[in-house]
Structure formats: structure tokens, C-alpha cells
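One is the number of the first residue; the rest follow in order along the sequence. Note that ligands are numbered from 1 as they come in the structure, with each ligand's atoms numbered from 1 the same way. From a predicted model like this one, the values you see are computed outputs, not experimental measurements.
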Amino acid sequence: MVIPPGKFLVGPLVFTGPCVNKEPIVVQIRGTLLSASPDELEDTPMEVDNWIQFYDINGLNVIGGGTLDGRGAAFWSHDLGDQGPGLPVNVMFQKVTNALVRKLSSVNPKGFHIGVVQCNNIRLYNLRLVAPEDSPNTDGIHISRSNLVKIANTEITTGDDCIGMIQGSTNISIKKVRCGPGHGISIGSLGKYENEADVRGVVVKNCTLSNTDNGLRIKTTRGPKAIASQASSIIFQDIVMHNVKNPIIIDQEYNAQNEVNPSPVKISDVHFINIRGTSKSPVAVQVGCSKKVPCQNIQFYNIILDYVGRPVKSLPPVCTSTCSYASGLSYKGIQKPPACH
Ligand SMILES: *[C@@H]1O[C@H](CO)[C@@H](O)[C@H](O)[C@H]1NC(C)=O
Ligand SMILES: *[C@@H]1O[C@H](CO)[C@@H](O)[C@H](O)[C@H]1NC(C)=O
């Protein structure tokens, strides 16, 4: 299928398999698709979860250099923040296997830019995801219950997480992504629901975060859940931060005002290697683990972060680390800020 250059008003679309294809199905988007509202296009349903969805397809290439414009601005309710309704995802890949998504732009989605749910072996390369810094819940790429996801050479400027990986994200590789403004690269929240699947095997390499709220974050909620997921085997390596508020943060008390039980999610084998740049806040490294299941084997190797937000510029650019319930922290090489303990 080829969408030629030009501008096209398009209501919600679902492409559903399974398909009888030996070769990948190719969708080439060269033009600009504009998300239509019911008053603009007949038979456009009001409430949908996704604008464009690919479902249950084995072998799919979505390529072409085109743009998907969600025209979200009129739908963003800035008052609701995280409590806001789930607005349509610009492009959702669900139960898609063996896929390549390459050279596409997503602009101003109503909800997330791209969703990856229940996928296996999907590569997302050379994407450009753009929305204003203050647009609520416009995650760049949101991954759940998927294995083998590779993201590379991608630029993300948005209002929420550049990349979010929640339950069941396994064997994820993120390379050469430029993120910011936005909320950074996040694992979680985890621990919200019973029977969540684990997050395991995440590698984030050669990425740059600029003017983001968080840099590299793992967040889990407090809660009484007995059967919780775990997050393990995570490597963050060769990352550059520019003016990031919380460059390294493990937060196991995320959004937990009214909940007294500590987070049941166990975090282990997390490696921060060669992380350098600048922090906008004085606490550049925060490791806030769960009292119930303390973090295990968190390694820091060559961390060089300077504090740029200091009120008196003549003070040295020193920042600090805070740690709680983090047994088995280990440090090698340079540590700026200095290690906890
Ligand atoms: C992730 O990759 C490893 C190594 O290739 C493999 O053993 C494991 O089964 C994969 N995880 C899942 C959930 O498929
Ligand atoms: C990743 O970053 C490291 C350290 O800056 C650099 O040596 C390496 O060449 C980079 N790799 C790629 C593929 O750009």
C-alpha cells in the first residue's frame, strides 16, 4: 500500500491480520496523514483507543518518510495530567511480529505517539516524534508485553516519557536516541496490577537526553500486591545528559501518596556505565528502593555529572547522591557525584 505525497484527512483505521504473506506486507507512507474528527469526516467514531492500528500481523514494513499528524492540541487537557483519559495513540502495533518501522514522523498525537503491545521482533528506526513539552501523556514509544524491540537513530521531543517500558518488556535495545524535552527514558510504572509480567533485558546505549525531567528512570508504585513483577538485567551505557533534572533515578514510591505498603517490585542487576553531562538539580543520582524488597546489584561505573542549576555560579558544580534500601550498590571508576555510603 502506498500513500503518495500530499495531505490526507483520515479517521481511525485498523489493519487486522492474520495475513497469508510470505514476504512482509509493505505500507509506504510518503505523504502526511491528518487525524480527522467526526465533524470533518462522516462515519468517524468518537471514541477509539488508537488512530491507526496494525493488529495480528506477521511480517510488516511501515516505511516511507511520511508524517502522521494527530492534531492533538485541542484534546490535551492540561488540568488532568496523569489522571487524564487515555486518548488515541497515533500508531499502535499490537500482536505484530517481525516488523520494521522506519523513517516516519509522528506529530502532536492525542495520546501516545507509538504503542508496541504484545509484539515480538519489531524494529523502530529513524523516527521523529514531536509534540510540545507541555502536552500531557504524549509518550513517545510505549512498550508493554513485547519481546525483542529495537529502537535506533530516533529523535523524540515530547511532553511525557520519550520511551516508556512497562510490564512484560523483554530484550529491548535502545540505541542512538535523542530525547528532550520530555520525561526521559523510563522503565515503569511497575507494581500497579496483580500478575504483571517482568521487565528483563533492557539495553540503552549511546543516547542523549537534553532538558528532560528525568534521564534514566525506573519507577514502581507502592502497594499491597503479593505477586509482583521484577525488573532485572538492565544496562544504561554511554549516555550524555544536558541540563537534566533527575539524571539517574530509581523511584519505588512513585505516585504513592495514599498507599502505605512499600513497593513489592524487586529491582536487580542494573548497570549505569559511562553516564556524563549536567544535572539541573543538586541530587543527580537518586536510588530510592523498596523497604520490602531492597534493590540488588546496582552498579555505577564512571559517572560524571555536574550540577548546572546552582544558585551561586562561583560554587563548585558539585552534586550529590541519595540512596535508600539499596543493598548491594557497587561502584567502579569515577564517581561524580560521590557514591552513597
Ligand atoms: C530474551 O532473550 C534471551 C536471549 O536471547 C532469551 O533466552 C529469552 O527467552 C528472551 N526472552 C523472552 C521473553 O523471549
Ligand atoms: C557510543 O559511545 C561511545 C562512548 O562515547 C563511543 O565510543 C562509541 O563509538 C559510540 N558508539 C556508537 C555506535 O556510536
Practice prompt. Pick one of side chain, backbone, both or neither for how Lys176 approaches ligand 2, counting any non-hydrogen atom pair under 4.0 Å.
Written response: side chain
Worksheet item: Between the side chains of Thr221 and Ser189, is a donor N or O closer than 3.5 angstrom to an acceptor N or O?
Response: no
Discussion item. Looking at ligand 2, would Lys175 count as a contact under a 4.0 Å heavy-atom criterion?
Written reply: no
Discussion item. Looking at Tyr325, I'd like to know if its OH atom is crowded, meaning that more than 12 non-hydrogen atoms belonging to other residues, nucleotides or ligands lie closer than 6.0 Å.
Written reply: no
Item to complete: Show your working on side chain to side chain donor-acceptor pair (under 3.5 Å) between Glu23 and Asn21 and close with a plain yes or no.
Response: CA-CA 6 Å; Glu23 298 293 319; Asn21 54 312; over 6 Å; no
Worksheet item: Taking the six-membered ring of Phe75, is NZ or CZ of Lys110 closer than 6.0 Å to its centre and within 45° of its axis?
Response: yes
Practice prompt. Take atom 11 (N) of ligand 1 and look for protein heavy atoms under 4.0 Å from it; say yes if you find one, no if not.
Written response: yes
Worksheet entry | Thiol sulfurs of Cys179 and Cys162 closer than 2.5 Å | yes
Discussion item. I'd like the name of whichever of Asn171, Asp198, Ile172, Asn147 reaches closest to atom 2 (O) of ligand 1 through any heavy atom.
Written reply: Asn171
Fill in: Candidate pair Asn126 and Asn153, rule side chain to side chain donor-acceptor pair (under 3.5 Å), full reasoning
CA-CA 5 Å; Asn126 304 93; Asn153 296 316; 4.8 Å; no
Practice prompt. May I ask you to identify the nearest protein heavy atom to atom 5 (O) of ligand 2, giving residue, atom name and distance to one decimal place in Å?
Written response: Arg276 NH2, 3.5 Å
Fill in: Protein contact of atom 1 (C) of ligand 2 - nearest heavy atom, named by residue and atom, plus distance
Asn206 ND2, 1.5 Å
Worksheet item: Do any non-hydrogen protein atoms sit less than 4.0 Å from atom 14 (O) of ligand 2?
Response: yes
